[in-house]
Amino acid sequence: MATNRTFTMLKPDSVEKGNIGAILEKITASGFRIVAMKLTQMTTADAQEFYAIHSERPFFGELVEYMTRGPIVAAILEKENAVEDFRTLIGATNPADAAEGTIRKLYAASIGENAVHGSDSDENAAIESAFHFSGREMF
Ligand code: IDP
Ligand code: MG
């Protein structure tokens, strides 16, 4: 069953570069309502669990290093067709392939340091939201 929520992280590079405000502006201007949000930092164990599906990939160590090196903004977003529409808004994993005007095209440096996360399914949106937020933090 399709839901109307997705989960995002503004990754450490976005926080380091001072892009939180610009990216959030783009997200809300695109019709997403912020349901939950916080500045937080993942531990190595957190990142290994969050990205467990990629544990056999050659870039896994690099990904965990990157995602734990500084704070992130974690958020839950609401909009009709949220998962698919947010993936469209962020653009392709590799910013070199991302469409003009997408968040990754505008703010990502490389396929590894690509500015934002967006859930890839309703099921993963629910799992990832529960990973970062308790029910009392969702509005
Ligand atoms: P997605 O974030 O667009 O869903 P995934 O394939 O699920 O992309 O990969 C998860 C994250 O792992 C990416 O967002 C990126 O940070 C990192 N990543 C993916 N492919 C590579 C790669 O080839 N080299 C380095 N990092 C990668
Ligand atoms: Mg993915």
Side-chain angles (χ1 to χ4, degrees):
M1 192 184 70
T3 68
N4 58 355
R5 289 187 176 188
T6 191
F7 171 78
T8 187
M9 295 182 286
L10 311 192
K11 298 181 176 183
D13 54 323
S14 293
V15 178
E16 288 160 9
K17 292 173 182 170
N19 289 336
I20 295 174
I23 294 173
L24 288 179
E25 168 59 22
K26 194 150 176 64
I27 290 170
T28 54
S30 300
F32 292 88
R33 185 177 79 83
I34 295 169
V35 172
M37 186 165 70
K38 67 179 155 195
L39 198 62
T40 184
Q41 184 164 1
M42 290 201 283
T43 65
T44 297
D46 288 336
Q48 286 171 339
E49 183 182 339
F50 189 91
Y51 284 110
I53 193 165
H54 295 303
S55 62
E56 302 305 319
R57 308 284 286 278
F59 59 81
F60 186 63
E62 186 187 325
L63 174 60
V64 171
E65 277 283 311
Y66 161 51
M67 289 303 299
T68 58
R69 78 177 185 215
I72 59 164
V73 175
I76 302 171
L77 305 172
E78 188 171 78
K79 181 183 181 297
E80 205 175 297
N81 202 36
V83 166
E84 192 184 341
D85 285 2
F86 193 69
R87 292 291 300 202
T88 301
L89 179 64
I90 68 177
T93 306
N94 187 344
D97 301 328
E100 286 302 326
T102 60
I103 293 173
R104 282 171 168 167
K105 185 69 170 188
L106 289 166
Y107 299 109
S110 66
I111 190 170
E113 303 210 1
N114 60 4
V116 283
H117 169 82
S119 304
D120 61 6
S121 67
D122 289 334
E123 184 188 7
N124 283 334
I127 292 168
E128 292 168 1
S129 295
F131 186 90
H132 281 278
F133 294 100
S134 71
R136 281 194 295 137
E137 297 175 300
M138 301 176 191
F139 302 90

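Quick caveat, the model's predicted, so the values are computed rather than measured. Read the numbers this way: they start at 1 and go in the same order the structure lists the ligands and their atoms. For this chain, numbers begin at 1 and follow the sequence in order.
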Legend entry - atom 1 (P) of ligand 1 [closest protein heavy-atom partner, distance rounded to 0.1 Å]: Thr93 OG1, 3.6 Å

Legend entry - Partner of Asp122 by side-chain contact (heavy atoms from CB on, under 4.5 Å), out of Thr6, Val83, Asn4, Ile127: Val83

Inset, instruction - Check if Arg57 has a non-hydrogen atom at a distance under 4.0 Å from any atom of ligand 1. - result: no

Legend entry - Within-4.5 Å side-chain heavy-atom neighbours: His132 and Ile72: yes

Inset, instruction - Indicate yes or no: does an N/O atom of Tyr51 lie under 3.5 Å from an N/O atom of ligand 1? - result: no

Inset, instruction - Could you tell me which non-hydrogen atom of Pro12 sits nearest to which non-hydrogen atom of Gly70, and how far apart they are? - result: CG-O, 3.7 Å

Inset, instruction - Measure the distance from atom 15 (C) of ligand 1 to every protein heavy atom, then report the residue, atom name and distance (to 0.1 Å) of the closest one. - result: Ile111 O, 3.3 Å

Inset, instruction - Consider ligand 1: state whether an atom of it lies below 4.0 angstrom from any non-hydrogen atom of Arg87. - result: yes

Inset, instruction - Among all protein heavy atoms, pick out the one at the shortest distance from atom 16 (O) of ligand 1; state its residue, atom name and that distance to 0.1 Å. - result: Gly112 O, 3.0 Å

Legend entry - atom 13 (C) of ligand 1 - nearest protein heavy atom and its distance: Asn114 ND2, 3.5 Å

Legend entry - Backbone N/O of Val116 and side chain of Arg104: donor-acceptor pair under 3.5 Å: yes

Legend entry - Nearest protein heavy atom with distance in Å, relative to atom 2 (O) of ligand 1: Arg104 NH2, 3.1 Å

Inset, instruction - Could you tell me whether Glu62 approaches ligand 1 through its side chain, its backbone, both or neither, with non-hydrogen atoms closer than 4.0 Å? - result: side chain

Legend entry - 4.0 Å heavy-atom contact, Leu63 with ligand 1: yes

Legend entry - Phe131 with Phe7, same ILVMFWY side-chain cluster at under 4.5 Å: yes

Legend entry - Val73 reachable from Ile34 in the ILVMFWY side-chain graph, under 4.5 Å edges: yes

Inset, instruction - Would you mind checking which non-hydrogen protein atom is closest to atom 22 (C) of ligand 1, with the distance to 0.1 Å? - result: Phe59 CD2, 3.5 Å

Inset, instruction - Could you tell me the residue and atom name of the protein heavy atom closest to atom 10 (C) of ligand 1, and the distance to it rounded to 0.1 Å? - result: His54 NE2, 3.5 Å

Inset, instruction - Indicate the ring-plane relationship of Phe32 and Phe86, choosing parallel, tilted or perpendicular according to the 30° and 60° boundaries. - result: perpendicular

